[in-house]
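Just the heavy atoms: all of them, side chains too, but no hydrogens, waters or symmetry mates, feed the values below.
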Amino acid sequence: MSFQQGLSGLNGAAKSLDVIGNNIANASTVGFKGSQAQFADVYANSLNGAGGNQAGIGVKVSQIAQQFTQGNIESSNNPLDIAINGAGFFRTDVNGDVQYSRNGQFSLDKNGFVVNAQGAKLTGYSVSDTGNILTGSAVPIKIDNKDMSPLETTRVDTKLNLDSRSPLPIKVPFSATDPETYNKQTSIDVFDSLGNSHVMSTFYVKTGPGSWDVYVGSDGVEITNQAVAAAAQTDTAAGTARTAFQTAATAVPPGDLAAAAAAYATAAGAAVAAAAGTAGATAAQQTAITTAATSAGGTPGITPAEIDKLIAAAVKVPAVRAGHLNFDSNGVLNAAAMAPQTLPLQIELPVFPLTGSKPTIEFDLHFAGSTQYGDATEEKKSSQDGYTAGNLQRFSAGPDGTILGQYSNGESRPLGQIVLANFANPNGLQPLGNNAWAQTPTSGTPLIGTPNSGSFGNLQSSAVENSNVDLTAELVNMITAQRVYQANAQTIKTQDSVLQTLVNLR
């Protein structure tokens, strides 16, 4: 007669209640995976190997298996709350030790690292200064909030339809200030080497059936005239006079600013007039420039910048086309008819007045897909690849783990990429608490990869994965475990009653 079976049953039921209680306690824990107590029966070894008539000596806990099933995904307001939808674990770094977790509640620490509530750093791939993801060893992800440097425009893409029915302009020659000298004007912002915005205008002048001249303007001025006006900014004598004016303005007491302004006006006027002559200006047009410069230099309190504007207003030189477009009878671009010119057009856009950037913006002007049909002239698409400087405004993780930063200049750039880990036997992982597990020989070696690839699940930003505990089922299991406990206690009580009967025999 033995109490062993009943005692083992009580222990097993108690362990089952422990597991159920832990599941219920963590029903609201993000990323928690419920466990299940699994049991095995116990038999005593037989000396003669015969075991067909053994009653057994009770039960034991064979393992407490975690159930790595998917939990419900719930949205949140934190862009660094990240849920895994599918297989995989977040890989985290705790002072050099690697841990794994399904809890995606992250934030930034004071150094910009993505960490969880316990300070474990989320790992992934870093990025280069230009935003390219550097695949290799996973490292703690750090959000770099430095400003995005400006990018000078190097390419402009324009796609448009030019109406084949359009008449030739009623006035010649072309003038950017006279709409009757061209058929169509389009505009787009381009950026110099410091990220300053400039308006590039493109003018289309029909010259015959299927033939169009293309002119370009910078900030409302045709580029040949703009380049002439900008000549004073690169002229040595004008530069010396400008420096002398600045020296006089900052001296204590101030120097003779009127004389310095007049000297600059003379030098700048001469430089611009000479550039105008090279550009085809008449003697009268050159005289108009020097006259405007002399008049500007005699204005009390005037500055070199104001002198430049007055001189620029007097510049009138023949416009030079940037190129031409020719179309065949099907309304598409005809490369043979444009020879020896080839597309794209190479444009040098003068920067005036100078901003400290390069003096010109050099880019290719593309017309791929442009047509000449019997339809209204219309711009279909216009884009360019430059941008101004920007500061980081917000960021979020994409389905593939790429953390994309959005900047004030409207541009986006990767800030890092989260990696996931998976195991051949997730049940072999060792629970560490704080929603973390550690690798063991039983779990196998982790497979590292990017989300939404291979067997890995995808990520959802501003969301968390809730506990996979089914509270209703756990409450039912608790009732069952309670009844099992009571039943095992009853077997012990019965054994005690039988033993008492034997003791009372006389």
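Here R413 pairs with nothing under the salt bridge (Lys or Arg N to Asp or Glu O under 4.0 Å) rule; sequence neighbours left out.
No side-chain donor-acceptor contact under 3.5 Å links S76 and N78. Using a 3.5 Å distance cut-off with no hydrogens or angles, the side chains of T240 and T243 do not pair a donor with an acceptor.
Y407 OH to T388 OG1: the interatomic distance, rounded to the nearest 0.5 Å, is 14.0 Å. Summarising the geometry, atom CD belonging to Q417 is positioned 4.0 Å from atom CD1 belonging to I133; distances are rounded to the nearest 0.5 Å. Remark: L310 CG to D308 CG distance equals 9.0 Å, nearest 0.5 Å.
F423 and Y100 have perpendicular rings, their planes meeting at more than 60° on a 0 to 90° scale where under 30° would count as parallel.
Looking at T360, its side chain never comes within 3.5 Å of a backbone N or O of E362 through a donor-acceptor pair. Not a single donor-acceptor pair under 3.5 Å links the side chain of Q460 to the backbone N or O of A463. Distance alone, capped at 3.5 Å, places no donor-acceptor pair between the T299 side chain and the I302 backbone. One N or O on the side chain of T278 and one on the backbone of A274 form a donor-acceptor pair closer than 3.5 Å.
At most 12 non-hydrogen atoms from other residues, nucleotides or ligands lie less than 6.0 angstrom from CG of D129.
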Kindly list each side-chain donor-acceptor pair under 3.5 angstrom involving residues 136-152, sequence neighbours excluded, with atom names and distances?
from	atom 1	to	atom 2	distance (Å)
D144	OD1	K146	N	3.1

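Between E378 and K159 there is no salt bridge, since none of the side-chain N atoms of the basic residue sits less than 4.0 Å from a carboxylate O of the acidic one. With respect to D157 and K381, no salt bridge is recorded, no charged nitrogen being found less than 4.0 Å from a carboxylate O.
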Show your working on side chain to side chain contact (heavy atoms under 4.5 Å, CB included) between V214 and F367 and close with a plain yes or no. CA-CA 11 Å; V214 179; F367 293 94; 4.3 Å; yes
F245/Y264 under ring pair (Phe, Tyr, Trp, His ring centres under 6.0 Å): CA gap, chis, key distance, verdict: CA-CA 8 Å; F245 180 91; Y264 175 76; 7.9 Å; no
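For an aromatic pair to be called close, the ring centres must be under 6.0 Å apart, and F68 with F89 satisfies this. The aromatic ring centroids of F203 and Y182 lie less than 6.0 Å from each other. Aromatic ring centroids of F106 and F90 lie under 6.0 Å apart.
For K121 and F113, the positive end sits near the middle of the six-membered ring, less than 6.0 Å away and at most 45° from its axis.
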